Structures are given as C-alpha cells and as structure tokens.
2 protein chains.
Amino acid sequence: MVTTTGRAHVALRESILRGDLAPGAHLGEVELAERLGVSRTPVREALSRLAAEGLVEVLPHRGARVSSFSPDDLDGIFDVRLALEPRATARAALRATAEDLDALDDLARRMLEIGAPGPDQDLDAIVPLNRDFHARLLAVADAPALSAALANVVHTPIVLRTFHAYDPASLARSLAHHGEMVAALRAGDADWASAVMRSHIGNARAVMVRNR
Amino acid sequence: MVTTTGRAHVALRESILRGDLAPGAHLGEVELAERLGVSRTPVREALSRLAAEGLVEVLPHRGARVSSFSPDDLDGIFDVRLALEPRATARAALRATAEDLDALDDLARRMLEIGAPGPDQDLDAIVPLNRDFHARLLAVADAPALSAALANVVHTPIVLRTFHAYDPASLARSLAHHGEMVAALRAGDADWASAVMRSHIGNARAVMVRNR
DNA sequence: GCACCCTACGTTGCGTACAACGCTCCGGGA
DNA sequence: TCCCGGAGCGTTGTACGCAACGTAGGGTGC
C-alpha cells in the first residue's frame with residue numbers, strides 16, 4: 001500500500017510543478033488537507049519533504065509557502081548544474097547500455113517532433129519528456145550522491161515552465177543538444193558528452209537570464 | 001520559542017554525528033521519543049528532516065535507521081565535493097572581507113595547534129573547528145544553491161570522525177591546507193584558492209579510501 | 001522433515017483534539 | 001494624528017489513540 005503521505009507529497013509537488021500553486025503562495029495546512037481529502041498529518045509530512053527538496057519554505061508558526069527564486073538564485077542554480085551535470089553525463093557515456101541509449105534516443109526524438117515550429121508544436125508536452133531525459137541520464141550515470149545533490153537544488157519546476165520563454169533559435173539548439181548527447185553517449189565519448197551538456201546548460205542559462 | 005521538533009532534530013543529528021547512534025542502527029520512534037521526553041510526533045518530523053539531509057533512511061512501515069555508506073558512496077560524495085567546494089572557494093577568494101579572513105585564519109591556526117603531534121594533540125577537538133572552517137568558507141562564497149547542494153550530500157559526520165584515520169603526514173598536509181587557503185583568499189587569488197581546496201579534498205579522499 | 005499458512009505482537013501511519021504562537025484590529029494615551 | 005498595548009481569531013505545533021502494515025513464531029498439512 002502506498003501511504004497517504006506519499007500521495008499528498010506527489011500531488012502537491014505536481015501542483016507546484018504545474019504552476020497551480022504559484023511561487024510565494026501561502027499553503028494552509030487545513031486547506032490542502034481538505035482539497036486532498038486527508039487529515040493535516042500527512043499534509044505536514046508532505047510539506048516537510050517538499051521543504052527538503054527546496055520546493056517550499058516553512059516558517060515556524062507561520063506556515064509554508066511555495067519557494068520563489070530571485071535572478072541571483074537562478075544563476076546559482078545554473079552554477080551547480082554546470083558543476084555537476086556535465087560530470088554525470090561523462091560518467092553516463094562510459095556506462096550506458098543499448099537499452100539506455102534507445103530510451104534516451106526515443107525521448108530526444110519525441111521532443112524534437114513536438115517542439116518543431118508549426119501547428120503541432122506543444123511546448124507544455126516537452127516538459128515531462130525533458131524531465132525524463134535528464135532523470136534517465138542521471139540514473140545511467142549511477143552516481144547517487146551526485147543525483148542527490150542535484151535533486152535538492154535544481155528544482156525542475158523553474159526550468160520546467162520556461163520552454164515558453166525560449167526563442168525559436170534557442171529552443172532548436174536545446175532540442176538538438178539532446179540528440180547530440182545521445183550520439184556522444186553512443187560513441188562512448190565522455191568529453192564530447194560533457195561538452196554538449198555544458199552547452200545545453202549554457203543555452204538554458206542565457207534564456208533564463210535574458211528573461212529577467 | 002524554539003519548537004520541540006527543532007530540538008529533537010538537532011539532538012538526533014548530534015547523536016548521529018557524535019557516533020552514539022551507529023550507522024545501520026534501527027531508530028524506533030517510541031524509544032527516541034522517551035529518550036528525548038517528547039511525543040512521537042516531533043520525533044517523526046525530526047526523522048523526516050534527517051532523512052532529507054541523508055543522515056537516516058526511512059522505510060515505509062518499517063521504521064528508520066541511520067544511514068551507512070559504502071566505499072562507493074564515499075567516493076561519490078568526494079566527487080561531489082570536488083565538483084563544488086573548489087568552485088565555492090574560488091568565489092570566496094573574490095568576496096572575503098578582512099573579518100572573514102581573520103576568522104578563518106584563527107580557525108586554521110587553532111587546528112594547527114591542537115593537531116600538532118605531542119601530548120596536547122586532540123583529534124576530537126579538531127572536528128568542530130574543521131566543520132566551522134568549511135561552513136564559514138561556504139558562507140563567504142555566498143552561493144546558497146551551492147551550499148544547499150553540498151549540505152544535502154556531504155554529511156559531515158562521515159568526514160568528521162575520520163581524523164583518527166589520518167596518518168601523521170596526511171594530517172599535517174590537511175591542516176597546512178587550511179592555512180594556505182587563507183593565504184590564497186587573502187591574496188584574492190581564486191585559482192590558487194580552488195587548487196588548494198582540490199588538494200585538500202584529494203588528500204582526504206586518499207585517507208578515506210585507504211582505510212576501507 | 002520441510003514448506004506453507006495463520007495468528008499474535010510490535011511497529012509505523014493516520015486522524016483528531018487541545019495547546020501555543022503570530023497576526024490583526026481596536027482602543028487608549030501622548 | 002500617531003504610536004503603543006491588548007484581546008480575539010486563525011493558524012501551526014504537539015500529544016494521544018486507533019487502525020493498518022510488517023514480522024516472527026508456532027502449528028498444520030503434505
């Protein structure tokens with residue numbers, strides 16, 4: 001049986017990631033409990049976990065609210081990504097199995113399809129695919145400490161809702177990077193792979209910074 | 001007023017850091033609650049937070065236990081430190097105030113004193129000083145995301161109880177590094193500072209790996 | 001003799017009630 | 001008119017009780 005706390009946790013996280021709960025919004029325990037149909041106890045536990053992930057901040061006796069990030073915060077997050085993700089990608093290049101490569105290839109291809117300019121473009125649908133891609137890459141790297149360090153900082157939400165912010169050229173670059181990364185992994189070239197990841201993050205940072 | 005949960009949190013963390021609660025030890029909620037003189041509720045909250053920090057692991061319906069780390073885990077942790085701490089040190093070199101430098105200098109000097117071979121050597125007393133030194137360095141770097149990423153992974157505990165594992169030469173090097181780091185910061189030389197930090201971590205890694 | 005099931009116990013998960021804290025609004029004084 | 005103090009309200013923090021899950025032990029059937 002999956003615990004009620006666990007369900008509350010993922011439900012709240014999804015709400016935040018989706019943007020239903022805006023940054024800075026106050027999170028009343030009773031309100032959330034009623035909305036989820038549970039008591040306050042699992043809600044408190046879930047908020048606790050989300051606080052650990054950095055998605056919400058709790059102030060003693062004053063409740064919780066969705067975290068918001070200043071431009072400086074964002075810049076710092078990109079610094080951490082830049083320090084860790086290329087390293088993970090390099091490791092992944094040495095460890096990826098054929099199955100891993102196919103899965104990543106599939107994700108990259110689908111993102112390219114639905115991200116292409118035209119009537120079928122669906123920027124929102126890219127979000128989960130992109131998340132899966134980076135998550136899978138981390139899993140392949142098989143570096144738990146590194147994944148943990150990233151997970152607690154690189155709150156996908158911020159990155160996630162910004163595909164709308166990409167101009168066409170940046171978006172095309174970003175989607176192309178995924179494909180190139182798979183190629184580098186397939187070649188087992190750690191240097192190439194990590195360089196592509198650095199480009200990928202640099203491109204994203206430019207988009208984020210420009211928009212603030 | 002500081003909350004009961006907060007006190008339970010720090011009390012348990014200290015117990016783990018001090019080694020009173022050995023890695024792998026099962027943590028019963030009622031037992032902890034009785035020992036701390038509180039109810040199970042704040043204990044559960046505290047365990048939740050400790051789990052987020054990576055100090056304990058909770059298994060649904062099966063309770064919590066103190067995390068233990070395999071040699072591979074340790075290696076991964078050093079990888080993360082190597083990716084992040086030199087970067088933080090470089091930033092610190094550009095931002096340290098005279099006050100910061102004096103504080104760090106003082107810490108480095110005291111560690112050197114009590115770490116010197118002889119009757120006054122006190123390896124246990126180095127631990128908190130070392131923790132303060134690295135914490136202060138992170139604070140000076142003023143990179144919240146970077147600090148958060150490290151905090152959630154580099155559970156000082158592991159590093160902390162290992163000064164006894166240092167052979168004399170490695171210990172001397174480690175203590176000298178602190179002083180050299182201060183010198184590099186004072187010179188405002190980011191490259192130098194980060195290089196010393198890389199050496200510092202490499203030295204520590206060698207000690208840890210050799211002892212396993 | 002071995003494997004499986006079933007029962008009983010101890011634990012954790014959740015709900016609810018009460019206590020304590022913080023905020024807001026109102027009133028009094030300077 | 002502005003500032004300070006206090007009471008009321010809504011919130012969060014903690015305790016406790018019950019229910020559900022996991023585990024270990026003994027018993028039964030093959």
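Quantities reported herein were computed from a predicted structural model and do not represent experimental measurements. Convention: sequence-line order gives letters A, B, ...; per-chain numbering from 1.
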Taking OP1 and OP2 of C/dC14, is either one under 4.0 Å from a side-chain nitrogen or oxygen of A/Thr4? yes
May I have the distance from [X] (atom [atom1]) to [N] (atom [atom2]), rounded to whole angstrom?
{"X": "A/His61", "N": "C/dC21", "atom1": "NE2", "atom2": "P", "answer": "6 Å"}
{"X": "A/Leu27", "N": "D/dT11", "atom1": "CG", "atom2": "P", "answer": "13 Å"}
{"X": "A/Arg7", "N": "C/dG15", "atom1": "CZ", "atom2": "C1'", "answer": "14 Å"}
{"X": "B/Arg65", "N": "D/dT23", "atom1": "CZ", "atom2": "C1'", "answer": "15 Å"}
{"X": "A/Glu31", "N": "D/dT11", "atom1": "CD", "atom2": "P", "answer": "9 Å"}

Strand contacts (DNA chain C) in residues 33-41 of chain B, 4.0 angstrom heavy-atom criterion: B/Arg40
Donor-acceptor pairs are to be reported for all side-chain atoms of residues 108-115 of chain B against protein atoms at under 3.5 Å, with residues two or more places apart or in another chain.
{"residue": "B/Arg109", "atom": "NH2", "partner": "B/Asp105", "partner atom": "OD2", "Å": "2.6"}
{"residue": "B/Arg110", "atom": "NH1", "partner": "B/Asp106", "partner atom": "OD2", "Å": "3.0"}

Can you tell me which nucleotide in D/dG13, C/dC14, C/dG13 comes closest to the side chain of A/Glu29? D/dG13
Taking side chain to side chain donor-acceptor pair (under 3.5 Å) as the definition, give me every residue that meets it alongside [X], ordered by chain and number, with sequence neighbours left out.
{"X": "B/Glu180", "answer": "B/Trp192"}
{"X": "B/Asp100", "answer": "B/Thr97, B/Arg136"}
{"X": "A/Asp102", "answer": "none"}
{"X": "B/Arg40", "answer": "B/Glu29"}

Taking for B/His26 and for A/Arg62 the nucleotide of DNA chain C with the nearest heavy atom, the one nearer the 5' end belongs to B/His26
Parallel, tilted or perpendicular for B/Phe133 and B/His178, by the 30°/60° rule? tilted
Going by heavy atoms closer than 4.0 Å, what residues in residues 42-54 of chain B are next to DNA chain D? B/Pro42
Side-chain donor or acceptor of B/Ser67 paired with backbone N/O of B/Leu55 under 3.5 Å: yes
Could you pull out all residues at least two apart from A/Ala148 that satisfy side chain to side chain contact (heavy atoms under 4.5 Å, CB included)? B/Val153
Sorted by chain and number, sequence neighbours left out, salt bridge (Lys or Arg N to Asp or Glu O under 4.0 Å) with A/Asp122 holds for none
